[in-house]
Trainee: 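Sharing a structure below in structure tokens format, with a few things to ask.
Everything quoted here is computed from the prediction, not taken from an experiment.
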Amino acid sequence: MSGCWNIEVGIDGDKNINVNEEHKYRVTLLSKGNTVFDSYKWEVVSKSRDYKLSNETTKELTFSTQKAGKYTLKVTATKNTKRYTATLVVEVKEQLIIDGHVLPVDPGEEGKKTLLGIDSNNNGVRDDVERWIYLSYKEPIERGIFMQSARAYQKVIVDPSKAHETVVYLDMALSCEFYWQYEAKDNNETYLLDEYRNMGKEIKAVQFNTLARHMAYERYNAEFSGEILSSPPTSKGNCKFDENGLLRP
């Protein structure tokens, strides 16, 4: 340890997981020095015993449980008879399944720390927005329109300076929404969207819920300053979701 014993150990790993999911947690060093200890010992500080541990005496632990709740992972690392401990609280949540669709875990405040937030299932929609959509709306078409719009808004704020390239995603989402507002009834569709409803306003209130996200969207819009923009043509073909409201690539 280069003669320095003033070290602190920490634990890396996902703090929010679902039941029955295996997750790895790794001992980390928070201050300078040698990260290799002589031994490791992991344990779970919890009243519940409904969990599994593997690799309890190595640097990396695998943890899973069938019961929701908060679990405190504790590791004791030793070096030349000196002991160092670290703990991490892991919140395990029940998977929420709505109409066969498995919703991601609520990211909470962690989901607001970066511009693009958390998208754990990599479908292009932030986890908090996806949960809002499925918990707020029951109609598959509504869910599909909102999911496509959310994915489009996420794409355009990645790099607002590329607005003239990424606007196509919002145009397709709007084209799809217009279809269900104005043409679906002419084609005897079973679902009709109120033509006076502003779904864009609804989703933007959730999508741009931090100052950084709001400002990124403002910068995107500023790229079209002075231009005259027309509404995209209405087309069901621009709907990027299936009859169940599930997004397609």
Side-chain angles (χ1 to χ4, degrees), residues 1-97 102-131 151 154-155 157-159 209-213 216 249:
M1 308 295 289
S2 301
C4 178
W5 293 101
N6 185 26
I7 64 172
E8 298 178 32
V9 293
I11 304 176
D12 271 345
D14 197 336
K15 296 180 182 179
N16 295 288
I17 67 174
N18 283 326
V19 296
N20 298 319
E21 290 182 343
E22 288 191 348
H23 281 260
K24 294 186 182 299
Y25 297 89
R26 187 177 181 86
V27 179
T28 59
L29 199 63
L30 302 183
S31 59
K32 295 180 180 179
N34 189 348
T35 60
V36 178
F37 291 91
D38 295 330
S39 66
Y40 305 89
K41 178 59 181 176
W42 293 84
E43 61 180 311
V44 176
V45 183
S46 170
K47 293 181 180 179
S48 171
R49 296 297 175 189
D50 189 16
Y51 57 80
K52 292 181 180 180
L53 302 178
S54 61
N55 308 319
E56 296 123 294
T57 59
T58 65
K59 189 173 185 176
E60 188 172 84
L61 169 87
T62 301
F63 169 79
S64 65
T65 178
Q66 297 179 351
K67 188 175 181 179
K70 289 186 177 180
Y71 296 79
T72 299
L73 303 185
K74 179 181 178 181
V75 63
T76 300
T78 60
K79 183 69 175 180
N80 296 339
T81 72
K82 289 188 177 291
R83 302 172 65 189
Y84 305 88
T85 62
T87 58
L88 177 69
V89 177
V90 178
E91 185 168 2
V92 183
K93 299 182 180 181
E94 293 281 359
Q95 280 190 313
L96 188 57
I97 303 176
V102 180
L103 288 183
V105 173
D106 182 358
E109 290 302 309
E110 287 292 319
K112 296 181 179 180
K113 290 184 177 181
T114 62
L115 175 66
L116 300 181
I118 298 173
D119 176 18
S120 60
N121 56 10
N122 297 311
N123 64 355
V125 180
R126 283 202 330 261
D127 289 352
D128 60 312
V129 178
E130 185 172 346
R131 289 177 63 86
R151 184 168 65 181
Q154 190 81 335
K155 285 179 179 291
I157 65 170
V158 171
D159 186 350
N209 60 348
T210 68
L211 179 60
R213 291 164 185 167

Trainee: Spell out, as yes or no, whether a donor-acceptor pair under 3.5 Å connects the side chain of Asn55 to the backbone of Thr58.
Mentor: no

Trainee: Is a side-chain donor or acceptor of Thr78 paired with a backbone partner of Thr81 at a separation under 3.5 angstrom?
Mentor: no

Trainee: Please state whether the rings of Phe63 and Tyr51 are parallel, tilted or perpendicular, taking 30° and 60° as the class boundaries.
Mentor: tilted

Trainee: Would you check if Glu110 and Ile118 make a side-chain contact, meaning some heavy-atom pair closer than 4.5 Å?
Mentor: yes

Trainee: Taking the side chain as every heavy atom from C-beta outward, state whether Val44 and Lys74 have any atom pair closer than 4.5 Å.
Mentor: no

Trainee: Would you please test Val90 and Lys70 for side-chain contact (heavy atoms from CB on, under 4.5 Å) and show each step?
Mentor: CA-CA 6 Å; Val90 178; Lys70 289 186 177 180; over 6 Å; no

Trainee: Do Glu21 and Ser64 touch side chain to side chain, with heavy atoms closer than 4.5 Å?
Mentor: no

Trainee: Donor-acceptor check, side chain of Trp42 to backbone of Tyr25, threshold 3.5 angstrom: yes or no?
Mentor: no

Trainee: To the nearest 0.5 Å, what is the distance between CG (Leu103) and CD1 (Ile97)?
Mentor: 9.0 Å

Trainee: Quick check: closest heavy atoms across Ile11 and Ala86, and the distance to 0.1 Å?
Mentor: CD1-O, 3.7 Å

Trainee: Please determine if Asp12 and Arg26 form a salt bridge, counting it only when a charged side-chain N lies under 4.0 Å from a carboxylate O.
Mentor: no

Trainee: Distance from Lys24 atom NZ to Leu61 atom CG, nearest 0.5 Å?
Mentor: 9.0 Å

Trainee: How far apart are the closest heavy atoms of Lys79 and Val36, and which atoms are they?
Mentor: NZ-O, 3.6 Å

Trainee: Below 30° counts as parallel, above 60° as perpendicular, anything between as tilted: where do the rings of Phe37 and Tyr84 land?
Mentor: tilted

Trainee: Working to the nearest 0.5 angstrom, can you tell me the gap between Leu211 CG and Lys112 NZ?
Mentor: 12.5 Å

Trainee: Ignoring hydrogens, what is the shortest heavy-atom contact between Gly13 and Leu88? Give both atom names and the distance.
Mentor: O-CD2, 4.2 Å

Trainee: Counting neighbours of CD on Glu22 that are heavy atoms of other residues, nucleotides or ligands and sit closer than 6.0 Å, is the number greater than 12?
Mentor: no

Trainee: Considering all heavy atoms of both residues, which atom of Glu8 and which atom of Leu29 are nearest to each other, and what is their separation?
Mentor: O-CD1, 3.5 Å

Trainee: With rounding to the nearest 0.5 angstrom, report the OG to CD1 distance, Ser120 to Ile17.
Mentor: 12.5 Å

Trainee: If you define the side chain from C-beta out and look only at heavy atoms, does anything of Arg126 sit under 4.5 Å from Leu116?
Mentor: no

Trainee: Between Arg213 and Leu115, what is the shortest heavy-atom contact and its length?
Mentor: NE-O, 2.8 Å

Trainee: Using modelled atom types and a 3.5 Å cut-off, is there a donor and acceptor pairing between side-chain atoms of Asp127 and backbone atoms of Pro107?
Mentor: no

Trainee: To the nearest 0.5 Å, what is the distance between CG (Asn80) and CG (Asp38)?
Mentor: 5.5 Å

Trainee: Counting only heavy atoms not in Lys93, do more than 12 sit closer than 6.0 Å to its NZ atom?
Mentor: yes

Trainee: Can you tell me if Thr28 uses its side chain to pair, donor with acceptor, with the backbone of Gly10 under 3.5 Å?
Mentor: yes

Trainee: Can you tell me how far OG1 of Thr65 sits from CG of Asn20, rounded to the nearest 0.5 angstrom?
Mentor: 8.0 Å

Trainee: Do Glu130 and Asn121 have side chains that approach each other closer than 4.5 Å (heavy atoms only, starting at C-beta)?
Mentor: yes

